[in-house]
Amino acid sequence: MVKLKDYIEIIGIAAVVFSLGFVAYEIRQNNDLMAADARQVRTSIVIDAWRFAAENGDLAELRVRERNGEELTKAERERVDAVVMAVLVSLDWQFGEMSKDSPELHQVLENQRYNFANKSEYRRVWKDRKNAFRPEFVQWIDENVVDRAPR
């Protein structure tokens, strides 16, 4: 004979199972929102970088002059270096936050391979300042960007 106590235990177990399912659902929603937020942050970084380049024509001129082999003053070189370092710091953040097999990180790699292959300031600044970054990030950039960027 089933007693009231047995019914209460069954209802309690069902409530625990339902609660765990609900918590799992909430965690999944939270993860989806965090991923969307990370994509939005990355998009904002990229937009800001392009906007900065568009709004600072004199800086674009300096970068073109360097690529053409023209000598820059120390102050001009510092400006170019600062822009490249900002990109590298952003890459470091993306490396730490994104899954290593994510499509977004693959896109980042392709963009940086292009930069390292076609924009001399990237290779120069990386060589001069890569010691400012975590060793695992340096290894990742060297193996996945620098060594794979056509010259």
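Keep in mind it's a predicted model, so treat the numbers as computed, not measured. Residue numbers start at 1 and run along the sequence shown.
Side chain of Ser90 to backbone of Ala86: no donor-acceptor contact under 3.5 angstrom is found. Side-chain N or O atoms of Arg123 include one that pairs as donor or acceptor with a backbone N or O of Phe116 at under 3.5 Å. Checked by atom type and distance alone, the side chain of Asn118 pairs as donor or acceptor with a backbone atom of Tyr114 at under 3.5 Å. Formation of a donor-acceptor pair under 3.5 Å by the Glu76 side chain with backbone atoms of Thr73 is found in this model. Put simply, the side chain of Ser44 gets close to the backbone of Gln40: a donor and an acceptor are under 3.5 Å apart. Of the possible polar contacts, one joining the Asn144 side chain to the Trp140 backbone as a donor-acceptor pair under 3.5 Å is found.
Among Asn31, Asn30, Asp32, the one residue that satisfies the side chain to side chain contact (heavy atoms under 4.5 Å, CB included) test with Arg28 is Asp32.
To the nearest 0.5 angstrom, Leu72 atom CG is 11.0 Å from Glu61 atom CD. Taking CG of Asp92 as the start and CD of Glu97 as the end, the distance is 10.0 Å to the nearest 0.5 Å. Here the CD atom belonging to Glu121 is positioned 4.5 Å from the CZ atom belonging to Arg63, to the nearest 0.5 angstrom. Rounding to the nearest 0.5 Å gives a distance of 5.0 Å between CD of Gln29 and CD of Glu26.
The heavy-atom pair separating Leu88 from Phe137 by the smallest distance is O-CZ, 3.7 Å.
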Test log, rule side chain to side chain contact (heavy atoms under 4.5 Å, CB included), inputs Leu62 and Leu59: CA-CA 5 Å; Leu62 295 177; Leu59 183 58; 4.2 Å; yes

Audit row: Glu136, Arg134, salt bridge (Lys or Arg N to Asp or Glu O under 4.0 Å) steps and yes/no: CA-CA 6 Å; Glu136 57 271 15; Arg134 298 174 286 149; 3.6 Å; yes

Residues Val87, Tyr122; criterion side chain to side chain contact (heavy atoms under 4.5 Å, CB included); working and verdict: CA-CA 9 Å; Val87 171; Tyr122 278 81; 3.6 Å; yes

Stepwise side chain to side chain contact (heavy atoms under 4.5 Å, CB included) test for Asp37 and Leu33: CA-CA 6 Å; Asp37 187 49; Leu33 288 172; over 6 Å; no

Side chain to side chain contact (heavy atoms under 4.5 Å, CB included) assessment of Trp126 paired with Val138: CA-CA 9 Å; Trp126 180 248; Val138 171; 4.0 Å; yes

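By the 4.5 Å heavy-atom criterion applied to side chains, Val125 and Lys130 are not counted as neighbours. Counting only heavy atoms from C-beta outward, the side chains of Asp58 and Arg79 approach each other to under 4.5 Å. The shortest distance between side-chain heavy atoms of Glu110 and Arg113 falls below 4.5 Å.
Hydrophobic clustering keeps Val83 apart from Val64 (ILVMFWY residues linked when any side-chain heavy atoms are closer than 4.5 Å, directly or through intermediates). Under a hydrophobic clustering in which Ile, Leu, Val, Met, Phe, Trp and Tyr are joined whenever their side-chain heavy atoms come within less than 4.5 Å, directly or via other members, Met85 and Val146 fall into the same cluster. There is a path of hydrophobic side-chain contacts, each under 4.5 Å, that joins Leu105 to Phe133. Follow the hydrophobic side-chain contacts under 4.5 Å out from Phe52 and you reach Val80 in the same cluster.
Around CD of Glu71, the count of heavy atoms belonging to other residues, nucleotides or ligands within 6.0 Å does not exceed 12.
A cation-pi arrangement is found for Lys100 relative to Phe95, the charged atom lying closer than 6.0 Å to the ring centre and inside a 45° cone about the ring normal.
Lys119 has no carboxylate O lying under 4.0 Å from a charged side-chain N of Glu66, or vice versa, which leaves the two without a salt bridge.
There is a side-chain donor-acceptor pair under 3.5 Å between Asn115 and Gln112.
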